There are 2 protein chains.
Amino acid sequence: MGTTNGTSRSKRSTIEDVASEAGVSVATVSRAMRGLPNVAISTRAHVVAVAGRMGYTADPAASRLAAGTTKTITVVIPNLSGWYFSTVVAGAEAVCTEAGYDVLVVGIGSQKDLSRILSEQYHLERRTDGLVVIDVAVAPDQADSITQRGVALTSVGSRTAGHPSVRIDNETVGRIAADHLVELGHERLAIIGAQKDNPLSFDVPTLRHRGFIGGLASHGLAVDDVRLEGGNFGVDGGQEAMAALLDHPEPPTAVFSMSDEMAFGAIMELNDRGLVPGRDLSIIGVDDHEFSRVVALTTVRQSVASHGAAAARLLIEAMQPPDGQGAAADGQLAAPIEPAEIVAPIELVVRGSTGRVAQR
Amino acid sequence: MGTTNGTSRSKRSTIEDVASEAGVSVATVSRAMRGLPNVAISTRAHVVAVAGRMGYTADPAASRLAAGTTKTITVVIPNLSGWYFSTVVAGAEAVCTEAGYDVLVVGIGSQKDLSRILSEQYHLERRTDGLVVIDVAVAPDQADSITQRGVALTSVGSRTAGHPSVRIDNETVGRIAADHLVELGHERLAIIGAQKDNPLSFDVPTLRHRGFIGGLASHGLAVDDVRLEGGNFGVDGGQEAMAALLDHPEPPTAVFSMSDEMAFGAIMELNDRGLVPGRDLSIIGVDDHEFSRVVALTTVRQSVASHGAAAARLLIEAMQPPDGQGAAADGQLAAPIEPAEIVAPIELVVRGSTGRVAQR
DNA sequence: CTGAAAGCGCTAACAC
DNA sequence: GTGTTAGCGCTTTCAG
């Protein structure tokens with residue numbers, strides 16, 4: 001008993017099916033389904049009901065082509081494995097899915113991959129409505145080109161000028177670590193994870209380093225004595241760094257590891273040498289990795305999952321059409337609202353890996 | 001100097017632009033770009049060159065609509081955070097991206113979410129060409145409906161009848177653990193992570209359990225003495241389970257933890273009680289988690305990242321058009337090729353957490 | 001408030 | 001081999 005042709009209900013229903021079934025035009029169905037204005041309240045109810053009964057939903061591919069909007073958010077990360085990144089992604093994914101967005105994940109192995117994504121011919125704007133960029137440096141001009149193409153941008157871990165971001169205050173992280181260690185009486189200190197080279201940049205290691213040094217200074221400690229070791233933010237790097245530190249004739253009594261993962265490696269090295277963390281040598285990390293409590297690592301906690309969620313929310317918000325109701329009454333342009341910059345809380349979590357300086 | 005209209009090169013070029021610029025029809029451009037047959041070799045070269053010069057690439061949204069194919073693969077997981085899942089995803093993502101597929105990630109909190117994805121109106125087939133399902137049970141009829149909709153399916157962690165899969169032999173996992181412990185002289189054993197209820201199913205805990213028991217039996221050990229504790233496969237669960245075991249008047253001398261993460265929790269509990277793993281009580285896990293070596297956990301290793309990569313490859317292979325060149329010479333139907341079922345290798349990794357039974 | 005019609009950019013028959 | 005021409009299913013002016 002169909003309206004137009006007698007096709008049985010085997011195929012997936014299209015907007016036309018719904019239109020004829022509801023006795024309205026496709027345009028009306030389209031409006032009704034998307035909550036656009038200019039639809040009689042009763043009409044809308046009817047259409048929605050019919051659509052529901054028929055199990056109709058707009059074909060995403062078709063609406064993408066027609067509307068140029070994708071209902072998709074892309075998460076860009078250096079690599080998916082690794083606790084930090086996957087946790088952030090998990091937080092973001094939950095929010096996006098909840099809001100009806102598909103979540104695309106792309107791993108950026110090298111800076112090259114980034115430019116590929118950003119290149120004209122990748123059709124970024126045809127694939128996604130917004131980008132959540134995690135711990136990837138986006139140059140200002142890249143960022144602008146992204147938004148000019150109609151793609152929203154939010155970063156977590158570092159800020160991108162003019163765009164929303166979620167991050168922690170990395171200098172304070174360093175300062176908290178320094179305070180804690182100094183209060184325990186330590187004076188021979190070292191850092192694992194420091195970026196030895198460019199000491200003026202604004203990247204995470206540098207900021208934490210600066211904060212740490214600053215913290216020491218404010219306690220009247222000489223900052224030149226702090227030994228630095230690199231460490232690629234992985235377990236291996238941490239272990240090697242600690243080994244190097246311990247091989248020195250006069251090893252530190254406390255070390256600040258810029259990530260928990262490196263701290264784990266450092267702790268392994270201590271164990272291997274029969275030293276016990278918190279007694280023979282104090283170590284403090286950053287993150288509060290899920291595993292930190294297993295090895296009783298003192299750390300500066302950040303709640304990574306919530307960072308991802310917050311970033312996703314900012315992004316979704318940024319993607320809402322510029323204005324809803326009251327178009328600026330007077331002729332003034334709406335003041336270019338400052339993009340939200342969330343500085344997430346951090347917190348010292350004291351466990352067994354730090355203790356009073358051992359008297360020698 | 002354009003061919004048709006004088007629009008400057010400001011807008012992204014379409015297939016028509018390329019066609020007129022190359023002096024051929026859009027159909028030819030389409031064929032040439034996609035490597036389809038029936039294009040003169042010289043024409044193809046020319047078209048590709050022109051397209052390259054113009055920075056042209058097919059708009060994904062448009063080709064999805066027209067061709068019904070998405071060049072997108074969807075990874076379905078219980079949750080993204082967690083070492084196991086994120087590692088599998090990382091492996092899959094790398095392969096998919098390499099092959100030119102976009103990677104969609106969807107977290108399945110509950111069984112409900114799965115059915116949502118699978119429901120008609122989600123237009124699964126309009127969003128993705130294939131599914132990699134990680135540790136999610138897909139019912140046979142669900143699986144069939146998926147492929148009937150033209151979406152390929154591969155699972156990792158468990159097999160789905162009639163579809164490619166990547167998994168390990170979980171019974172052997174249990175057996176290896178049993179062998180190791182028995183060889184060290186242990187006789188009072190326990191399992192952490194056992195599924196106490198449905199002992200006949202084919203899920204992972206059950207299989208490992210069965211293998212473990214079987215292994216003991218083949219050494220002539222009574223299987224009824226094995227204490228079972230649940231444990232949700234997380235650190236907390238492992239800790240609680242170990243606590244329960246130790247509170248028993250006659251605690252085991254060795255325990256088989258069905259995952260490394262639970263083993264970590266168990267080790268915490270041992271530490272808290274001043275017991276040392278491998279001396280006072282032996283514990284063996286499964287996975288070879290990246291942190292297992294940090295706590296010297298003996299474990300049955302599986303190489304998780306490669307599982308994800310392998311699954312992605314199987315999927316991509318399965319999505320290739322049924323046949324390329326030599327259509328079956330005689331009238332026979334091509335034998336319905338058995339879907340590949342990869343049983344990945346596992347390996348005992350002995351570290352410090354297991355040792356000879358302590359003499360009391 | 002609603003409908004008609006013109007595309008969105010590409011692919012896939014079908015002719016030549 | 002190559003060109004022509006319908007659509008894919010939806011959104012969006014533009015009239016009423």
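Convention: sequence-line order gives letters A, B, ...; per-chain numbering from 1. Treat the numbers as computed from the prediction; the structure is a model and nothing was measured.
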**Fill in**
Of all heavy-atom pairs linking B/Asp135 and B/Gly157, the shortest is OD1-CA, 3.3 Å
**Message:** Which nucleotide wins on minimum distance to the side chain of A/Ala58, given the candidates C/dG3, D/dC10, D/dT4?
**Reply:** D/dC10
**Request:** May I ask you to say what A/Ala67 touches in the nucleic acid, namely base, sugar-phosphate or nothing, with a heavy-atom cut-off under 4.0 Å?
**Result:** sugar-phosphate
**Item:** C/dG3 phosphate, OP1 or OP2, under 4.0 Å from A/Ser25 side-chain N/O
**Value:** yes
**Prompt:** What is the distance from CG of A/Asp59 to C1' of D/dC10, rounded to the nearest Å?
**Reply:** 8 Å
**Prompt:** Any side-chain N or O of B/Thr43 under 4.0 Å from OP1/OP2 of D/dT2?
**Reply:** yes
**Request:** Could you verify whether a donor N or O on one side chain and an acceptor N or O on the other, from B/Thr14 and B/Asp59, lie under 3.5 Å apart?
**Result:** no
**Prompt:** Between B/Arg126 and B/Asn38, which has a closest nucleotide on DNA chain D that is more 5'?
**Reply:** B/Asn38
**Item:** Nearest-Å distance for atom pair CZ/C1', residues B/Arg64 and C/dG9
**Value:** 13 Å
**Request:** Take the protein atom CG of A/Leu65 and the nucleotide atom C1' of C/dG9, then report the distance between them rounded to whole Å.
**Result:** 6 Å
**Prompt:** Heavy-atom distance under 4.5 Å between the side chains of B/Val76 and B/Thr74, does that happen here?
**Reply:** yes
**Complete:** By nearest-heavy-atom nucleotide on DNA chain D, the more 5' of B/Val26 and A/Val26 is B/Val26
**Prompt:** For B/Glu125 and D/dC8, what is the distance between atoms CD and P respectively, to the nearest whole Å?
**Reply:** 16 Å
**Request:** Whole angstrom is fine here: how far is it from CD in A/Glu16 over to C1' in D/dC10?
**Result:** 10 Å
**First encountered from the 5' end of DNA chain C, between A/Ala66 and A/Ala40** = A/Ala40
**Asked** Between A/Tyr56 (OH) and D/dC10 (C1'), how many Å, whole number?
**Response** 7 Å
**Message:** Please report the distance, rounded to the nearest Å, between CZ in B/Arg34 and C1' in D/dT2.
**Reply:** 15 Å
**Request:** Output the distance between atom CG (A/Asp102) and atom CZ (A/Arg127), rounded to the nearest 0.5 Å.
**Result:** 14.0 Å
**Request:** Would you indicate whether the side-chain heavy atoms of A/Thr72 and A/Arg64 approach each other to under 4.5 Å?
**Result:** yes
**Request:** Indicate whether OP1 or OP2 belonging to C/dC10 is found under 4.0 Å from a side-chain N or O atom of B/Ser30.
**Result:** no
**Request:** Please state how far atom CZ in A/Arg31 lies from atom P in D/dT12, giving the value in whole angstrom units.
**Result:** 10 Å
